[in-house]
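For reference, the structure discussed in these notes is given below.
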Amino acid sequence: MRYLLTEADIITGDKAGRGAIAIDGEKIAGVWYDTDDSKAADQARAEFPDAEVMDLEGLSVIPGVIDIHVHFREPGMTHKGDIESESKAALCGGVTSYVDMPNTNPPTVSRDRLEEKLSLADGRSWSNYGFHIGATNSNLEELKQMPPEGRKAAGIKVFMGSSTGNMLVDDKPVLEQIFGMTDWPVLIHSEDEQIIRDNLAKAVAEYGEDIPFRIHPQIRSAVACMKSTQRALEMAMKLGTRLHILHVTTRMEVNMIEVAKRYNPSITAETSANYLTFCDEDYDSLGAMVKCNPAVKSSVDRDALREAFRNGIIDTIGSDHAPHLKEEKERPYTTCPSGMPSIRQSLQAVLKVASEAGIPLTRVVNAMSERPAEIVGIKDRGFIKKGCFADLVVLDPEADYEVKEPGYRCGWSPYTGRTLKGKISYVFLNGKIAVKDGEIIQDSPSGKRLEYR
Ligand SMILES: [Zn+2]
């Protein structure tokens, strides 16, 4: 099938301009922009006379979102969500590719587990899929057995502080060896476990089990983030690590990362739509719903994250989509799981932030599609360029979007009732129209496995 998308505002990380895009089969076959002398649509029609023309006057085209930080809960926690249900939500929200984290049950900490997960997704994922492999204190040999060329995992995920199953890596020589694997992107969850344990013990002594949720950012404190991130940055500067710091939540970390990047330009950072949207003032109304790790911090931190998104110190925005059942989130603090579902609203929440803060759409595209593809080396995706897969979102980025239905198996979203930005008309996945007016129109999942450079 051939399509010509004409009269659209094409937004990339570099520029926004009116133009035309040709799709031939799975790939983008040409991109033209209007100039003083020629109209893109005329040129496109001349080259592709038999293509089906879609006049997108008044709409914008962006590359599909690439979300390299999701928790789809399969295997082991599929009552919360699974590859099929969550990839469907992703695609409806304009996420055409995702990379899932290894803290499933069993965790993805060996080549065998990785193969199992790849086959679980085969034929069941609505969006293009990939997986990270997890590091532990004891699987270094396993990681070293994986050739970086033609690799099957996107990156190595290291939980530097947050104890999730047996995946906490706190052994210094092990950490240094992982950080020394400079052919691999190393993605870290960065919080200091000891500080958190001490803070939690103090809170339990004061409140018992029923700790108010507003205390969460005092337990998972800014200091816990800073201490761990400082340690990671020092190692990455020394060893030349391709370090990607996940879900940065504090102003202090932004400042530290800005400096560290001058010494090691391979250091990159992520935040999520949640941290750009919420702040500690939201605990009173949303409570457990915004309990996530690291914690949502102060409005000063949120403003600093927005500024870092604008100026590029924050490279990427992932969703950190982490569904839990409502019943689970209604438990008291100490047993209430951390995390919130967000992948279906992630793009629209970021568009809302961009609109409020006057951040250009080129930055949104750079942080949500182009940089994630570059950082984990995803082949031929993330860009509107001839030869790339035609993963595209056609939308009105200025239109208000009211979140009425959460759109998740878990049945809730912290964004319900909010007015975000961006009305999605079409999502193209591998050259085919997969979503129309926010709803999936394909009969069966057609997500492809991601390949890496
Ligand atoms: Zn996460």
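Both ligands and their constituent atoms are indexed starting at 1 by order of listing. What you are looking at is a predicted structure, and each value in this text was computed from that prediction instead of being measured. Side chains included, hydrogens not; waters and symmetry mates left out as well; all remaining heavy atoms used.
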>> Restricting to N, O or S, what is the name of the atom of Asp320 that lies nearest the Zn ion (ligand 1)?
In response: OD1

>> Go through it in stages, so that I can follow the logic: the residues are Arg73 and His321, the test is side-chain hydrogen bond (donor to acceptor under 3.5 Å, both in side chains), and I'd like the CA-CA distance, side-chain angles, deciding distance and then a yes or no.
In response: CA-CA 10 Å; Arg73 306 304 192 201; His321 175 73; over 6 Å; no

> Distance under 6.0 Å and angle within 45° of the ring axis: does Lys27 meet both against Phe389?
Replying inline: yes

>> For a side-chain hydrogen bond (donor to acceptor under 3.5 Å, both in side chains) check, start with the C-alpha distance between Asn128 and Asp391, then their side-chain angles and the critical distance, and finish with the verdict.
In response: CA-CA 9 Å; Asn128 304 314; Asp391 294 339; 3.2 Å; yes

> Is it true that the side chains of Thr268 and Asp315 contain a donor and an acceptor less than 3.5 Å apart?
Replying inline: no

> From the Zn ion (ligand 1) out to just under 2.8 Å, does an N/O/S atom of His71 turn up?
Replying inline: yes

> Does His247 bring an N, O or S atom to under 2.8 Å of the Zn ion (ligand 1)?
Replying inline: no

